[in-house]
Structures are given as C-alpha cells and as structure tokens.
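So the structure is just underneath, and the comments pick up after that.
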Protein chains: 2
Amino acid sequence: MNRMRIGDLTERAGVTQRTVRYYESIGLLPSGEREGNGHHYYTEETVARLQKIDQLKKVGLSLEEIRDVIELYFTDTSEVLPKRKVLGILYRHLADTDQKLEALGQFRSDLQSNIERFERWLEANERD
Amino acid sequence: MNRMRIGDLTERAGVTQRTVRYYESIGLLPSGEREGNGHHYYTEETVARLQKIDQLKKVGLSLEEIRDVIELYFTDTSEVLPKRKVLGILYRHLADTDQKLEALGQFRSDLQSNIERFERWLEANERD
DNA sequence: ATATAATATGACGTTAACGTCATGTTTGCA
DNA sequence: TGCAAACATGACGTTAACGTCATATTATAT
C-alpha cells in the first residue's frame with residue numbers, strides 16, 4: 001500500500017494521529033501531500049520514518065536531536081546540507097552514544113551482581 | 001566532611017537545592033536529619049546517593065524507576081524488602097537494559113557508517 | 001441520498017523534573 | 001550586636017511530548 005491517509009499510517013507505524021500531527025508541526029515529519037480536499041496523504045517512507053524516529057527515541061534522543069540527524073537516513077544528503085557541520089553533529093552523537101553505552105554496561109553488571117546476590121539469599125533461605 | 005548542610009551537599013553533588021528538595025519530596029532521597037532549628041543535615045552517603053541517581057538517570061531511568069532500585073545500593077536489603085518482588089524488578093530492568101543496549105549498538109553502527117560515508121565524500125571533493 | 005466513519009484544526013489539559021520568585025527564619029562573621 | 005549570607009517553605013512558572021475534547025468538513029457504505 002503506497003498512498004495512504006493518516007488512519008492507515010498510524011496503524012502501521014504504531015503511533016497516534018496526534019503524534020503524527022505534532023511531528024509535522026515541529027518539522028520532524030514532512031506534512032504529507034494534500035489534495036484539493038484538505039486531506040494529507042502519506043507513503044511507505046513515512047511509515048519507515050516514524051519507525052526510525054521511534055528507534056532513535058529509544059536510544060534516548062530528544063525529538064529535537066532526532067530532527068538533527070533524521071535527514072541522514074531519508075534524503076540524498078549529498079545535496080542539501082553543509083557537510084562539515086553534519087559530520088560534527090555525527091561525531092558528537094557518536095561520543096554521546098559511547099558514553100551511554102558505558103553507563104548502560106555498568107548498570108547492567110550492577111544489576112547482575114544484585115540479582116546473583118538475591119538469588120543466593122533466596123537459595124539459602126529456601127525454608128519457608 | 002561528614003555532616004553538612006544543603007549548600008555543601010549540592011556543591012559536592014553538582015545539583016541544585018531545588019533538586020534535593022524535590023527528591024526528598026518524592027521520597028527518592030531521605031530528608032536529612034533536622035536539629036532543633038529547622039535545618040537539614042546530610043552526610044557523605046547523601047552525596048554518593050545523588051551521584052548514583054545521576055548515573056541511573058543517564059542510563060535512561062525515570063526518577064520513579066530509580067526509586068524502585070536505589071535501595072539496593074544503599075540499604076541492607078537483607079532486612080527491608082520482599083525479596084521475590086525485588087528480584088522481579090531486577091529482572092525486568094535487566095531485560096530493558098539489554099534492549100536498550102541493542103538499540104544503542106545499532107544506532108552506533110549506523111552513525112559509524114554515516115560518518116564514513118561523509119568522510120569519503122569530503123575526501124573525494126577536497127577541491128575547494 | 002443519507003447516516004456513519006474518517007479527517008482537519010484549534011484549544012485546553014497533563015506529567016515529569018525541575019526553575020524561579022517571594023517571604024520568613026537562622027547562621028556566621030566583623 | 002548587627003547584618004549579609006545561608007536555609008526553609010510555599011506558590012507559581014516552564015518545557016517536552018503528547019492526550020483529550022469540540023467542532024467542522026470530507027469520505028464511504030447502504
């Protein structure tokens with residue numbers, strides 16, 4: 001299906017209409033083409049874009065940060081943007097990401113230790 | 001220094017007084033002991049606790065989630081909490097963490113590819 | 001042709017995590 | 001002892017990322 005209205009779009013992307021309109025309003029999502037009537041029409045690419053946004057949100061980026069990088073995934077960047085600046089942004093995100101990865105790794109191993117500690121405790125007190 | 005007031009606490013922990021009071025108000029931080037006067041007094045442990053909270057925030061946990069796990073770091077859990085429940089929480093956080101780690105890893109490699117792509121482009125157009 | 005469903009737009013509401021006064025009491029130093 | 005700096009408490013403000021009506025117009029199934 002390629003050429004859908006907001007109902008199908010939101011169903012396929014797993015977001016609400018409010019979310020789509022909000023993203024359009026802040027320039028994160030291009031407002032779908034409109035016919036003579038007021039309705040917006042979207043494509044498969046819009047679905048993919050919404051999914052990518054969701055993925056980046058899970059990584060912990062704000063919508064504003066996502067707006068900075070999303071074009072890298074969905075336009076021929078060879079044309080539009082100032083290359084050096086984009087590269088700068090990418091390097092910053094890479095550094096941030098590595099920081100987060102380290103913090104997350106640390107947290108994970110803390111969790112592991114605690115889990116093991118609790119399980120040992122439960123095992124030692126299996127007498128209820 | 002062990003026994004400080006909020007000024008020193010916030011300076012050492014790198015947070016504002018408002019943050020401390022907010023954390024106290026939501027039960028994330030135990031309200032420091034109060035003398036006959038109304039003042040609160042804190043210890044090194046409070047500093048450590050604030051730092052731990054900050055670390056967990058960076059991992060992407062909400063203050064509410066942090067409240068669920070922070071006790072694991074700062075109390076003798078052998079006494080206070082229902083063991084099985086805590087273990088459940090820990091396992092959920094572990095699963096969440098692994099998800100985030102995967103998403104982050106994916107994002108990181110996407111970033112890498114894009115960076116390389118841009119650098120190749122810049123190299124190929126070194127003619128300004 | 002008409003009733004029902006889908007869409008557009010605007011406005012106000014909501015939650016988390018604090019920021020920012022305002023006002024009153026307490027402390028510490030010259 | 002006086003007075004600026006530190007602390008306590010309350011109330012209102014703020015931002016992000018939407019949720020939730022309300023109302024009007026367009027599309028669709030019978």
Side-chain angles (χ1 to χ4, degrees), chain A residues 1-43 46-47 49-70 96 103, chain B residues 1-43 46-47 49-70 93 96 100 103:
Chain A
M1 187 200 317
N2 211 27
R3 177 164 194 75
M4 40 187 149
R5 295 185 311 190
I6 200 168
D8 294 323
L9 174 66
T10 57
E11 185 181 352
R12 305 196 56 190
V15 301
T16 70
Q17 303 194 0
R18 186 62 175 82
T19 297
V20 170
R21 301 218 170 89
Y22 177 60
Y23 287 178
E24 289 176 349
S25 81
I26 64 172
L28 183 52
L29 208 63
S31 307
E33 306 293 317
R34 11 190 15 174
E35 303 281 278
N37 53 42
H39 294 177
H40 297 258
Y41 288 84
Y42 307 88
T43 75
T46 320
V47 177
R49 195 169 176 122
L50 281 171
Q51 286 166 347
K52 193 73 193 178
I53 290 172
D54 203 58
Q55 182 191 335
L56 295 179
K57 279 183 57 182
K58 282 180 186 156
V59 165
L61 298 191
S62 69
L63 295 186
E64 196 178 345
E65 291 172 315
I66 293 175
R67 201 175 40 190
D68 285 348
V69 299
I70 190 80
D96 291 356
Chain B
M1 187 199 317
N2 211 25
R3 178 167 193 74
M4 41 188 147
R5 294 185 313 189
I6 199 167
D8 293 323
L9 174 66
T10 58
E11 186 181 353
R12 306 195 58 189
V15 301
T16 70
Q17 302 195 1
R18 186 61 174 82
T19 297
V20 170
R21 300 220 170 88
Y22 177 61
Y23 287 178
E24 289 176 348
S25 81
I26 64 173
L28 183 52
L29 208 65
S31 307
E33 305 294 317
R34 12 192 11 176
E35 303 283 278
N37 53 41
H39 295 176
H40 297 258
Y41 288 84
Y42 306 89
T43 75
T46 321
V47 177
R49 196 170 178 123
L50 281 171
Q51 286 166 347
K52 194 73 194 177
I53 290 172
D54 203 59
Q55 181 190 338
L56 295 178
K57 279 184 57 181
K58 282 182 186 154
V59 165
L61 298 192
S62 70
L63 296 185
E64 197 180 346
E65 289 172 316
I66 293 176
R67 201 177 37 191
D68 285 348
V69 299
I70 191 78
H93 278 292
D96 292 356
K100 282 185 189 172

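Note that the structure is a prediction, hence the values are computed from the model and not measured. Sequence lines set the chain letters: A, B, ... in the order given, protein chains first and strands last, and positions in each chain run from 1.
Proximity of B/I6 to B/Y42: side-chain heavy atoms (C-beta onward) are separated by under 4.5 Å at one or more points. A/M4 places a side-chain heavy atom less than 4.5 Å from the side chain of A/V47. Side-chain contact between B/H93 and B/L61: present, with at least one pair of heavy atoms (C-beta onward) separated by less than 4.5 Å.
Remark: A/T10 OG1 to A/R12 CZ distance equals 11.0 Å, nearest 0.5 Å. With rounding to the nearest 0.5 angstrom, the CG atom of B/L9 is 7.5 Å from the CG atom of B/L29. Within the model, atoms CG of A/D68 and CG of A/L56 stand 11.5 Å from one another, a figure rounded to the nearest 0.5 Å.
With a 6.0 Å radius and a threshold of 12 heavy atoms from other residues, nucleotides or ligands, B/Q17 has its CD atom above the threshold. Environment of CD in A/E24: crowded, with over 12 heavy atoms of neighbouring residues, nucleotides or ligands closer than 6.0 Å.
When DNA chain C is scanned 5' to 3' for any atom under 4.0 Å from a heavy atom of chain B, the first and last hits are C/dA17 to C/dT27.
The separation between A/N37 atom CG and D/dA27 atom P is 4 Å, rounded to whole Å. Remark: P of D/dT9 and CZ of B/R5 are 14 Å apart, rounded to the nearest angstrom.
Listed in residue order, the members of residues 7-17 of chain A having a heavy atom less than 4.0 Å from DNA chain C are A/G7, A/Q17. Within residues 55-64 of chain B, the residues having any heavy atom under 4.0 Å from DNA chain C are, by residue number, B/K57, B/S62, B/L63.
Under the 4.0 Å criterion applied to side-chain N and carboxylate O atoms, A/K58 and A/D54 are assigned as salt-bridge partners.
Closest approach of A/I66 and A/I53 over heavy atoms only: CD1-O, 3.7 Å.
OP1 or OP2 of D/dT9 has not a single side-chain nitrogen or oxygen of B/R21 nearer than 4.0 Å. The side chain of B/H40 places an N or O atom within less than 4.0 Å of a non-bridging phosphate oxygen (OP1 or OP2) of D/dT9.
Between B/Y22 and A/Y42, the residue whose closest nucleotide on DNA chain C is further toward the 5' end is A/Y42.
Using a 4.0 Å heavy-atom cutoff across all strands shown, A/Y23 reaches sugar-phosphate atoms only and no base atom.
Side-chain N or O atoms of A/R49 include none that pairs as donor or acceptor with a backbone N or O of A/P30 at under 3.5 Å.
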